Amino acid sequence: MSAVVAEHDDHHDHGPAKGLLRWVITTNHKDIGTLYLLFALAMFFVGGAMAMVIRAELFEPGMQFVNPQFFNSMTTMHALVMVFGAVMPAFVGLANWMIPMMIGAPDMALPRMNNMSFWMLVAGVLLLASTLFMEGGAPASGWTLYPPLVLQTGKALPFAIFSVHLLGISSIMGAINIIATIFNMRAPGMTLMKMPMFVWTWLITAFLLIAIMPVFAGAVTMLLTDKFFHTSFFDAAGGGDPVLYQHIFWFFGHPEVYVMILPTFGVASTIIPVFARKPLFGYSSMVYATASIAFLSFIVWAHHMFTVGMPIAGELYFMYATMLIAIPTGVKVFNWTATMWKGSMTFETPMLFSIAFVVLFTMGGFTGLMMSVAPVDFQYHDTYFIVAHFHYTLVPASVFILMAAGYFWLPKWTGHMYDERIGRLHFWLSVVSVNILFFPQHFLGLAGMPRRIPDYAVQFADWNMISSIGGFIFGASQLLFLYIVIDTIKGGTGEKVTDEVWEDAAKHSLEWTLPSPPPYHSFTTPPTVIPTEHI
Amino acid sequence: MKEGVTQKNAKLVRTLVFVVLGMFGFGYALVPLYDVLCEVTGLNGKVESSAVKEVSYEVDKNREITVEFMTALNEATPMVFRSEINKIKVHPGEYVTVNFYAENKTDKVMVARAIPSISPGAVAEFFKKTECFCFSEQTFKAREGRTMPVRFVVNPEIPKEYKTITLAYTFFDNTETSVK
């Protein structure tokens, strides 16, 4: 198969434009993928630095370093930067790099729009970051931007709202591009049910995005008109209702959390079979489970607001609907486990991160199940228990899998091998410290420590200190990842990597049939053999 | 994969953009939908915003329901606002009038609006008001104080398990938005 690839390499291959302008005007899916990934990595450290401020302030009871207003800005901005600046762009970057190569397409369907959506993301994040320097400070209402509190934001409010608009338009354009690519650009023979799981999960995620981002844009536009144009969507004085905002927000917000986790599932389903040297267990059930989770995500939103005063029928409905999500998610966890069962497993860094993901995501999922029980949620609501829950589903899940994806595909992208020793060191430091960081927060939450507070009662001191220590170790360990990425780009271990990099990877997915690094334009003629080992 | 892909992409993009616009509209459509749902089901303690005709019910002397009154101002509302009594025991079907007192603490004319809320939310449909200062905006002259009645009845069809009803009013200063 590599013969086929080599053949169409040397035709009409004009390389990238010269100089820095290449990165501004590029419409190449690999360049744009790289831009997204590097931008996401940078934002991961910006958001991480904000988390360090939070953990430093919470290291001891009492006010240490920052004032409460700035502390609340940090929790808000940390969340917004991590969600919209780091995790989502990182997955869009992976989609840009991998989807065309996985389905045997020469590029994304709409390359110019692809460029535009990246630069809009940059503009959106810069606009958001600029609020930190405005009179009245950055938004400090939490990332959910609940009125009436958020309407007390100073000069920053319209900027934050326009930033959300830009980020929303950027994700919508990215999503449309991904759908068009997957529907119209697949190589002959690449039927939908032969697509790698990563492609499937992104297809479903893209549909979620185009359904929810406009609703969020609408919700923040209502905030804008409430504040500046005397509408009263959420203003009780004019007959509005602040609870309405929560309903609209979580109609977006709940599917949004699946936007961050479904591609995570996709990458895990891609990596685990390669290192277990077995086909993915239950491929079609994985596809249907992903679709079911996406569907269910639209009908469970009010479990985020059990305490607003819903009638018992509402509480029961949202409770049982939420519990249903555990079924397709359980299907996935069992399938990953069954994929590993009796496989010839090896434990390179991407596999280590993926196994940690399966274990730790399951824990995060179980605490979610606990909170789905409406009567007990009254105790968990707005405490550190929920902070622990969603960080378990995002950090050792989404972030770990993004790390795994980095280790898994960096040799393919760069043609260089990363240093396995440092990779494993990074893994072990991360997996231990992430638990020191977030596990104690379960105890804090159950003991009643509320979230979004800069100071706390002394009985919470010990676990907060332990959590902060874990946070500092986790934060510092991530510098190893930065080092590895730079080192690998510059040449890594110097070892020449093969086309398929990992043993028999080419049987699983098309990108491993291309050279490492792949040519600037790949699959200009579609591949003839479709790998099916993953099915 | 050759010709036709551009056209197919354009068609798909048009459809998807249409979906995006539709969902933006749906976000706004949730506003009336939410109100309709609240009104139909009486959730969220939303009470009727206009007076009902006084009809006479058969008074159920065997039951007694405590109606509690709460008054609130948000920090930006320069008023005095209180009810004359904190709570009252009523028989279902019996009409009662309770007085509330509100006063403008500023030296300017003030237009204020009281927003009612009732809990538990499910009793909203059984709680009928024939007269209330909350049905319209109230204009207060500078430093003016006024006593305002609320006349209500609890429909005797109210389910037996409800023994206490809390009626809460929050006064908002609407001077800026109303004086145009």
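Residue numbering restarts at 1 for every chain, and letters A, B, ... go by the order of the sequence lines. Computed from a prediction, not measured in an experiment: that's the story for all the values here.
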Original post:
Hey, which of B/Thr77, B/Asp173, B/Ile115 has the most heavy atom pairs under 4.5 Å with chain A?
Top reply: B/Ile115
Subject >> Best-contacting candidate, A/Ile248, A/Ile312, A/Ile212, against chain B by heavy atom pairs under 4.5 angstrom >> reply: A/Ile248
**OP:** Check whether A/Leu110 gets within reach of chain B through its side chain, its backbone, both or neither, counting any heavy atom under 4.5 Å.
**Re:** side chain
Original post:
Of the backbone (N, CA, C, O) and the side chain (C-beta and beyond), which part of A/Phe207 lies under 4.5 Å from a heavy atom of chain B, both, or neither?
Top reply: side chain
Subject >> Atom CE of A/Met116: over 12 foreign heavy atoms under 6.0 Å >> reply: no
**OP:** Inspect the surroundings of CD in B/Glu161 and state if more than 12 heavy atoms from other residues, nucleotides or ligands are less than 6.0 Å away.
**Re:** yes
Original post:
So which of A/Ile179, A/Val215, A/Leu244 has the largest heavy-atom pair count under 4.5 angstrom toward chain B?
Top reply: A/Leu244
Subject >> Toward chain B, the part of A/Ala236 with a non-hydrogen atom under 4.5 Å >> reply: both
**OP:** Count the heavy-atom pairs under 4.5 Å between each of A/Ala180, A/Ala219, A/Ser232, A/Ala313 and chain B, then report the option with the highest count.
**Re:** A/Ala180
Original post:
Considering only heavy atoms, which portion of A/Phe251 lies under 4.5 Å from any heavy atom of chain B: side chain, backbone, both, or neither?
Top reply: side chain
**OP:** Select all residues of residues 167-176 of chain A having any heavy atom within less than 4.5 Å of some heavy atom of chain B, and report them by number, or 'none'.
**Re:** A/Ile172, A/Ile176
Original post:
What distance do B/Thr6 atom OG1 and A/Asn184 atom CG have between them, rounded to the nearest 0.5 Å?
Top reply: 9.5 Å
Subject >> Heavy-atom neighbours of B/Glu157 CD exceed 12 at 6.0 Å >> reply: no
Original post:
Heavy-atom count around B/Arg146 CZ within 6.0 Å, excluding the residue itself: above 12?
Top reply: yes
Original post:
Which bit of A/Met113 comes within less than 4.5 Å of chain B, counting heavy atoms only: side chain, backbone, both or neither?
Top reply: neither
**OP:** Take atom OH of B/Tyr101 as the centre, draw a 6.0 Å sphere, and report whether it contains more than 12 heavy atoms from other residues, nucleotides or ligands.
**Re:** yes
Original post:
When only heavy atoms count and the cut-off is under 4.5 Å, which of residues 11-30 of chain B reach chain A?
Top reply: B/Leu12, B/Val13, B/Leu16, B/Val17, B/Val19, B/Val20, B/Met23, B/Phe24, B/Phe26, B/Gly27, B/Tyr28, B/Leu30
Original post:
Just wondering, more than 12 heavy atoms not from A/Tyr320 lying within 6.0 Å of its OH?
Top reply: no
Original post:
Side chain, backbone, both or neither: which part of A/Thr181 has a heavy atom under 4.5 Å from chain B?
Top reply: neither
